[in-house]
Amino acid sequence: MSVWKARDFWEAPLGQETGTVTAISGLPESSQSIQCSRGCLNLVRQSERTIADIIIAGTWSGILRGYYPEQANYVHEHFLFEKQLDGPILQIENGNFILGSTTLGAFQLAVLHPDRITICYYAVNKSSDDTTGLAVLRTYKLKASAYSMVTGMFGGIKGRQMICVATLDGRFTIIDQETVIETPVLEDFLLPGPLCYLPDRDSFLLGSSSWTADCYSYSEMASKAGLISSKPDQQTRMRKAWTYNCGECLVDIKAGSEREKNPVLLLGERHLFWLDLNGIMRSIRRLDCSPSFLTLYPSGKDGSFSFIMGTTMQTIFVFEEMIPKWTSRLPAPVVDVRVAKVAGAEGMLVALAEDGHVSAYYLGTDPEVYETKATATTRKFNEDEIKIETNRLAEMIRQSEAAVASGVVAVEQGNEPSAVTVTVGAFSDISFAFDPRQQAASQRTPISKTQVTVESKVGILSDVQIDVQLSDPFVCVLTHSVFDELDRAVAIGLTVQNTLQAGPQQLSGVVVVRFMREGVNRIQKETFSLPFGLVAQPTALAKKAQLKLDFDISPNSIKLADFFPDLGPQADGLGLSVDFYGVGIATILVSKKQETKIRIQSDDPSLLVLVCREFQRRMAFLAPGNTLVCASNFLNEEFEAILQQKVEASKAYDTLKADLTLWTTQLFVVEKRFLARLKDRDISIVNKLEELLEATQEKVMLPKYFIKNTFLRLHPFLVH
């Protein structure tokens, strides 16, 4: 199984030429970016000779759009229509629903809303008075809130299609042109699930909240619907043709049309089931991901079927029967994927993203539409130049192979000189001031000032921006950071302050200069060191610590007074302790017998590493001939315990992240059902959904505290 990334082929813009998606009232701000769900994407293929399929997409804001991608890259001519309908769009299906209303080159759409079904009609030849090309033929008002629908030639009818809607009150509503009938309430019903029509059996397969897949025949539904119309007082429940117990909540149901196998696929939260038309299991597969949808497509092989399974982690899997053949990662989360014909290329993946974007992707190699035919030319080639160029390239290859074989690889440096010179001056003595970002600050924090000189070496530079990047807990202020033009050296004041809100990570910063030269944006960086006094101050000598590192210095001995003149050692000159402003204390001790041996110790691993790096930096500058060798066992037991705690915390973090993704998906589903039932008068069902919504919200918030506690437990052992 190959792991590839899906490649972009065609993408329709959203909110520009094609309109803007409006916010959905009633949803929290965190859910406003989700504008559609599974079922809001549909394809219309008028004939096999057409260059592309017509792509239909809808959103919860009620906007219905159509595209005809006849080229690889999107152009405005690909946009067919946009229609604002009266209500959120839950699902879209195409077919011949009303006889006598479709002409050659036109099609009909059935659009499902929470309280109605709208039949739309589109004609390829637009009239002068219809700017969209899309018209509403008929609207069917539903007595209860809708959840999903299927279409098909129920009961063996010919020439037209019927619509079956599953409502939240546990009934089926069947629509056949002018006729609208309802079935009795389903047995043991609480909430509906995914719905699928089995044409070979003329039955409907519905997922239920009791974790089962229930099959109802159309003949049973038609007979019970007749009982309702003739005897409205008689309470007759629907009988199931067969039931399959899945043991988990169903996400999607799809049925194939292959004559030999007739697959019925049930997609659960953790398993994928393959049943036959009689509800007998043929195969089952465990899933190691969180699935979101299924899409069946013609495999091109006799006696086999293929399908695509999407996940909530932006990944799709391509199966041949129950064997995964391909997996690919999409650039954005999608709610539905269809296999379509785009720009004359078959097998393209048309995906609908959560925010309503419609894109086409392809897997593997480039499709045929990208290939261009070479035109015959009569250009004459210079054989001498070709021979010289071939010899030069062959010599470069031989030199490269020889360098790799010898273990030495040359690194080529850029020939272009730097256009800007950045110089950071010496920092001033440490002073203390209040943090300007904290209005109620009661503690003074260390502060130091310097000058940054920026000089142009190539003449006039335009649009110059200067920025300084520092890690926590440091903040900085520049006196001037933007210049329209720079043709000379300028000095800029830089003030660095330690906010004391976290432990120090590193004592360095980066000056970033952005400028434009010859019409091209360029960036140049310069690294500088911060004074050690910004993070530490001398304190009383502390000879006890949990973590200790011994070093040997050769060939010359050292004096701490020479290495740390800004801090100053103790009276005996053999010890120095620094306090990191309440974060912790680190100590440097020099042996009395052998001044070439030192010990660096602290209770905090991060402070220990920081002092070791600062000591090594100062020794390389003040005593470049000396070497520093670690003579201890490098704290094997201590660091092994730290690494073990980090591994355990990382595993707990990954588990909590997966649980959070699962509960967030369930929260969106419950919110959708709750909003759909608000218009009903049955307050008991609304109360139950409200309780379920509150319980799901609590489960979504629960991992937040676990993640925070895990981070706090891991933070003291982070070594930068």
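Predicted model, so just to flag it, every value in this text is computed and none were measured.
In this structure, Ile308 CD1 and Trp326 CH2 are separated by 12.5 Å, a value rounded to the nearest 0.5 Å. Taken to the nearest 0.5 Å, the CD atom of Glu11 stands 11.0 Å off from the CG atom of Asn73. Taking SG from Cys164 and CE from Met221, the interatomic distance works out to 4.0 Å, rounded to the nearest 0.5 Å. Distance check: Leu137 CG to Leu109 CG gives 10.0 Å after rounding to the nearest 0.5 Å. The CZ atom of Arg65 sits 10.5 Å away from the CZ atom of Phe81 when rounded to the nearest 0.5 Å. Here the CZ-SG distance, from Phe204 to Cys215, works out to 10.0 Å after rounding to the nearest 0.5 Å.
The closest donor-acceptor contact from the side chain of Gln35 to the backbone of Thr59 lies at 3.5 Å or more, if one exists at all. Without hydrogens or angle criteria, Gln84 side chain to Ser61 main chain gives a donor-acceptor distance under 3.5 Å. Arg329 contributes a side-chain N or O that, together with a main-chain N or O of Met313, makes up a donor-acceptor pair within less than 3.5 Å. Under the 3.5 Å distance criterion, the side-chain polar atoms of Ser148 are left unmatched by any main-chain donor or acceptor of Ala166. In this structure a side-chain-to-backbone donor-acceptor pair under 3.5 Å is missing from Gln177 to Ile98. When atom types are taken as modelled, the side chain of Thr173 and the backbone of Ile181 share no donor-acceptor pair closer than 3.5 angstrom. Within the 3.5 Å criterion, the main-chain N or O of Leu43 finds a donor-acceptor partner in the side chain of Asn94. No side-chain donor-acceptor contact under 3.5 Å links Asp214 to the backbone of Thr243. Checked by atom type and distance alone, the side chain of Ser210 never pairs as donor or acceptor with a backbone atom of Ser208 at under 3.5 Å.
Between Leu112 and Ile163 the shortest side-chain heavy-atom distance does not fall below 4.5 Å. Using a 4.5 Å heavy-atom cutoff, the side chains of Ser306 and Lys325 are not in contact. At least one side-chain heavy atom of Trp10 sits less than 4.5 Å from a side-chain heavy atom of Ile55. Using a 4.5 Å heavy-atom cutoff, the side chains of Cys120 and Val111 are in contact. Annotation: side chain of Phe305 is in contact with side chain of Leu265 (closest heavy-atom distance under 4.5 Å). Counting only heavy atoms from C-beta outward, the side chains of Ile316 and Leu349 approach each other to under 4.5 Å.
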Task: Steps toward side chain to side chain contact (heavy atoms under 4.5 Å, CB included) verdict (Thr139, Lys141) - done: CA-CA 6 Å; Thr139 300; Lys141 190 71 175 179; 5.9 Å; no
- [ ] Report the C-alpha distance between Thr315 and Cys289 in whole Å, list the side-chain angles of each, state the deciding distance to 0.1 Å, and finish with yes or no for side chain to side chain contact (heavy atoms under 4.5 Å, CB included).
- [x] CA-CA 9 Å; Thr315 306; Cys289 57; over 6 Å; no
TODO: Any chance you could lay out the salt bridge (charged side-chain N to carboxylate O under 4.0 Å, His left out) test for Glu248 and Arg286, step after step, and finish with the verdict?
DONE: CA-CA 12 Å; Glu248 59 187 62; Arg286 179 178 176 81; over 6 Å; no
Task: Verdict with reasoning, Ile174 to Met162, per side chain to side chain contact (heavy atoms under 4.5 Å, CB included) - done: CA-CA 7 Å; Ile174 300 176; Met162 301 169 63; 3.6 Å; yes
Task: Candidate pair Asp176 and Arg160, rule salt bridge (charged side-chain N to carboxylate O under 4.0 Å, His left out), full reasoning - done: CA-CA 9 Å; Asp176 182 13; Arg160 69 180 188 277; 2.8 Å; yes
TODO: Show your reasoning for whether ring-ring contact (aromatic ring centres under 6.0 Å, His included) applies to Trp274 and Phe319.
DONE: CA-CA 12 Å; Trp274 174 16; Phe319 285 79; over 10 Å; no
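Not counting sequence neighbours, Glu691 has no partner by the salt bridge (charged side-chain N to carboxylate O under 4.0 Å, His left out) test. Among residues two or more places apart in sequence or in another chain, the side chain to side chain contact (heavy atoms under 4.5 Å, CB included) test is passed with Thr665 by Thr312. Tyr68 pairs by the ring pair (Phe, Tyr, Trp, His ring centres under 6.0 Å) definition with nothing, not counting sequence neighbours. In this structure, the salt bridge (charged side-chain N to carboxylate O under 4.0 Å, His left out) partners of Asp252, at least two apart in sequence or on a different chain, are Arg38, Lys254. Remark: Tyr147 engages Leu168, Pro192, Arg673 in a side chain to side chain contact (heavy atoms under 4.5 Å, CB included) (not counting sequence neighbours). For Phe97, the ring pair (Phe, Tyr, Trp, His ring centres under 6.0 Å) criterion is met by no residue, not counting sequence neighbours.
Closest approach of Pro69 and Ala52 over heavy atoms only: O-CB, 3.1 Å. A pairwise comparison of heavy atoms in Val337 and Ala351 identifies CG2-CB, 4.0 Å as the closest pair. When all heavy atoms of Asp336 and Leu41 are compared, the closest pair comes out as O-CD2, 4.0 Å. Residue Cys36 comes nearest to Ala353 through the heavy atom pair SG-O, 2.9 Å, listed as atom of the first residue, atom of the second, then distance. Shown here for Arg171 and Thr183, the closest heavy-atom pair between the two residues is NH1-O, 3.3 Å.
Note: Phe9 and Tyr362 have perpendicular aromatic rings, judged against thresholds of 30 and 60 degrees for the angle between ring planes. Between Phe154 and Tyr218, the ring planes lie tilted relative to each other; the angle falls in the 30° to 60° range. Taking the six-membered ring where the residue is Trp, Tyr74 and Tyr67 present perpendicular rings, their angle passing 60° and hence far from 30°. Classified by interplanar angle (parallel below 30°, tilted 30° to 60°, perpendicular above 60°), the ring pair Phe273/Tyr244 is perpendicular.
For the side-chain contact (heavy atoms from CB on, under 4.5 Å) test with Phe172, the passing option among Val165, Leu206, Thr167 is Leu206; the others fail.
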